[in-house]
Number of protein chains: 2
Amino acid sequence: MANRAKATIFDIAREAGVSKSTVSLVLQGSGLIRPETASKVRKAIEDVGYVYNRGAANLRKAHSNVIGMVINDLTNPFFAELAVGMERVFQSAGIVPFIANTAENPVRQEEVLKSLMEQGVAGLIVSPARGTTPGAFRRIETAGLPVVFAMRRLPESRIPVIAPDNHRGAYLATAHLIGKGHRRLVFFGGSSDLVVYHERLGGFREACETQGISDRDTLVVEGETSRRGGIACLETALAMAEPPTAALCFNDAVAFGAMLALRKRGLEPGVDFAIVGFDDVAEAEHYMPALTSVAVDSAGLGERAAHVMLKMIQSRTTRAEDHIGAVNLVVRESCGPDRRIRNRAAGSGGAA
Amino acid sequence: MANRAKATIFDIAREAGVSKSTVSLVLQGSGLIRPETASKVRKAIEDVGYVYNRGAANLRKAHSNVIGMVINDLTNPFFAELAVGMERVFQSAGIVPFIANTAENPVRQEEVLKSLMEQGVAGLIVSPARGTTPGAFRRIETAGLPVVFAMRRLPESRIPVIAPDNHRGAYLATAHLIGKGHRRLVFFGGSSDLVVYHERLGGFREACETQGISDRDTLVVEGETSRRGGIACLETALAMAEPPTAALCFNDAVAFGAMLALRKRGLEPGVDFAIVGFDDVAEAEHYMPALTSVAVDSAGLGERAAHVMLKMIQSRTTRAEDHIGAVNLVVRESCGPDRRIRNRAAGSGGAA
DNA sequence: TTGATTTATTGGAACGTTCCATTTAGTAGC
DNA sequence: GCTACTAAATGGAACGTTCCAATAAATCAA
């Protein structure tokens with residue numbers, strides 16, 4: 001069985017006593033060949049341990065069946081979820097997604113994109129690394145390859161974007177805190193080189209304005225988007241003269257960090273200080289106390305992105321509509337009312 | 001710029017006024033071409049927006065520069081870490097790893113492996129899905145493609161394995177619990193269709209035997225390897241007539257679940273009941289209480305697996321030594337001594 | 001000057017497939 | 001028995017590279 005040199009359709013042809021063209025037809029599941037011939041060929045394929053050479057095929061065929069998925073941080077379950085969502089729909093479309101991780105490194109991203117293109121992918125779904133230069137996708141665009149951005153967008157690009165409604169999510173969360181009676185609010189974590197940051201911060205600010213919280217009572221503490229960053233943010237905030245009583249965090253990791261830091265100081269999250277997260281990762285529900293967070297349905301967005309990509313490939317276009325996914329605030333235990341001014345609050349739905 | 005039909009080396013050749021062979025040589029960085037000619041060619045490449053067709057190249061070249069990484073569950077940060085470790089070393093070797101997720105589904109795994117082979121990968125690093133049939137890798141083996149298993153092994157396979165020393169890890173953890181004075185121990189989570197399960201359970205059992213804990217005082221509760229599974233395990237264990245006082249959990253997720261369930265019953269993990277996890281994911285350190293766990297260094301194992309693969313490719317072999325990675329127990333706060341029999345314990349290192 | 005040697009460049013065949021146009025065999029109509 | 005058609009199978013060219021052997025140009029030794 002299985003010679004050293006790998007088998008080709010010619011070997012199969014010889015084995016089955018037909019021509020290479022017939023083998024090719026069988027491989028493609030053409031209805032033109034007689035069933036008996038087909039099964040004879042299929043047996044030969046099995047016997048010689050043949051493996052299809054897609055590279056050779058793509059030389060003649062219009063499009064390949066692989067699409068590339070470029071993710072900025074696979075170790076963040078939030079993005080991993082996104083990838084998994086995409087995979088679900090591609091799988092049922094007979095497309096194989098290859099995932100590559102850029103580890104938030106634009107140089108690495110460049111390499112990965114290049115490699116994916118050379119491999120002849122039919123399309124690209126990208127969650128761009130922080131610090132991606134505006135021109136990074138020019139090559140790809142001029143090559144006419146369909147691309148969609150997921151979760152993140154680039155400042156001035158015309159590439160379609162699939163992302164959650166960050167502004168609204170932040171607005172809802174902030175409004176909730178204000179409704180609970182909080183009057184001194186802080187936004188924790190993130191940094192301004194991310195478009196998402198501005199979107200979320202924008203929602204936070206709008207809610208404050210709308211609901212009559214003055215600028216002097218809102219605070220913004222930038223920081224790493226990690227547990228560690230959250231810890232640092234909380235320390236900073238509580239060191240202030242008139243510290244805030246509630247925080248909207250850039251994401252759940254920051255929120256977990258903040259809660260940790262509260263505990264360390266003997267404060268109880270949700271009682272002594274209200275915390276709201278963003279993304280609603282699986283862990284949020286199981287935390288102690290369970291974290292109130294803005295659910296963005298990343299798997300759903302992944303599916304959406306995959307569908308958009310499928311449609312783009314099918315209609316051979318490189319344009320598509322943006323899709324802003326609905327978000328909703330999942331209220332759990334991490335954000336009770338402001339204890340010190342409980343009486344002042346007209347309070348919408350106020351269990352402690 | 002950039003015509004519709006994609007540019008080939010012929011287009012570049014015309015543009016630069018040289019032959020296709022010269023262009024090919026430049027592309028490969030051959031030292032044979034005059035520097036001025038080379039830069040002329042490079043300019044042309046830039047001008048026409050050329051993208052290299054690796055499929056065509058692989059038709060003639062011996063080996064491709066992509067290796068496939070097949071992961072059973074990308075949403076588990078533990079495996080994501082593994083992937084990231086591998087990526088680090090491949091990157092510096094000029095190899096592009098494509099990651100594919102099987103979502104613990106053997107059928108999906110089959111598809112993914114097939115696709116990767118068709119793509120002409122140079123090798124495969126696989127963390128096999130639960131329930132993988134013994135024959136699943138026969139095709140690949142007869143094709144002479146180098147494969148290494150990471151983290152998990154298949155019952156009777158000759159494919160090299162890179163994995164942590166599960167037995168020893170479990171032994172260490174169990175011995176630690178016994179040293180703390182616990183006499184009724186339980187093993188939480190996992191199921192017997194995983195080789196890893198038997199390894200870890202084996203370490204647990206050996207420690208119990210060696211240290212004189214009778215079979216009657218040890219308990220095994222199978223369950224999902226998730227938070228949910230951990231919750232269920234704890235409920236089962238505490239419902240018993242003479243419940244255990246300490247648990248070794250199959251992995252950290254199970255441990256988190258168990259701690260959650262303890263809290264729900266008003267019991268304090270680490271004080272009223274000792275919990276040890278396995279894997280030492282990032283979260284373990286930040287939990288409340290911080291989780292004692294067996295650190296396996298998954299990123300390090302990933303790097304190791306990548307190195308082994310590199311060596312296999314280089315020496316054109318399909319054999320390699322197994323590598324069992326060192327583990328160590330990271331003691332934190334989740335496993336104090338048995339309160340009820342504190343006096344009986346000779347106790348090695350016994351802060352509550 | 002001539003032949004030998006080195007340096008730079010080139011054309012052609014090959015890689016494993018698909019697709020098209022053609023051939024061959026089989027069936028129906030008359 | 002002939003033509004007209006359909007169904008099944010086939011050979012050849014093409015896809016975009018790499019590699020090898022061959023050429024052309026430049027340099028050197030005598």
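Here is the naming used below: chain letters follow the sequence lines, and residue numbers restart at 1 for every chain. Side-chain atoms are counted along with the backbone in the values below, which use heavy atoms only and exclude waters and symmetry mates.
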Nearest whole Å is fine: how far is [N] [atom2] from [X] [atom1]?
X: A:Lys20; N: D:dA8; atom1: NZ; atom2: P; result: 19 Å
X: A:Lys61; N: D:dG16; atom1: NZ; atom2: P; result: 16 Å
X: B:Arg54; N: D:dG16; atom1: CZ; atom2: P; result: 17 Å
X: A:Asp11; N: C:dC15; atom1: CG; atom2: P; result: 11 Å
X: B:Ile33; N: D:dA24; atom1: CD1; atom2: C1'; result: 17 Å
X: A:Arg34; N: D:dA7; atom1: CZ; atom2: C1'; result: 10 Å
X: B:Tyr50; N: D:dG16; atom1: OH; atom2: P; result: 10 Å
X: A:Ile45; N: C:dT17; atom1: CD1; atom2: C1'; result: 13 Å

So [X], base contact, sugar-phosphate only, or nothing? Heavy-atom distance under 4.0 Å.
X: B:Ser21; result: base
X: B:Ser24; result: base
X: B:Phe10; result: base

> What pair of heavy atoms forms the shortest contact from A:Met151 to A:Ser127, and how long is it?
Replying inline: CB-OG, 4.3 Å
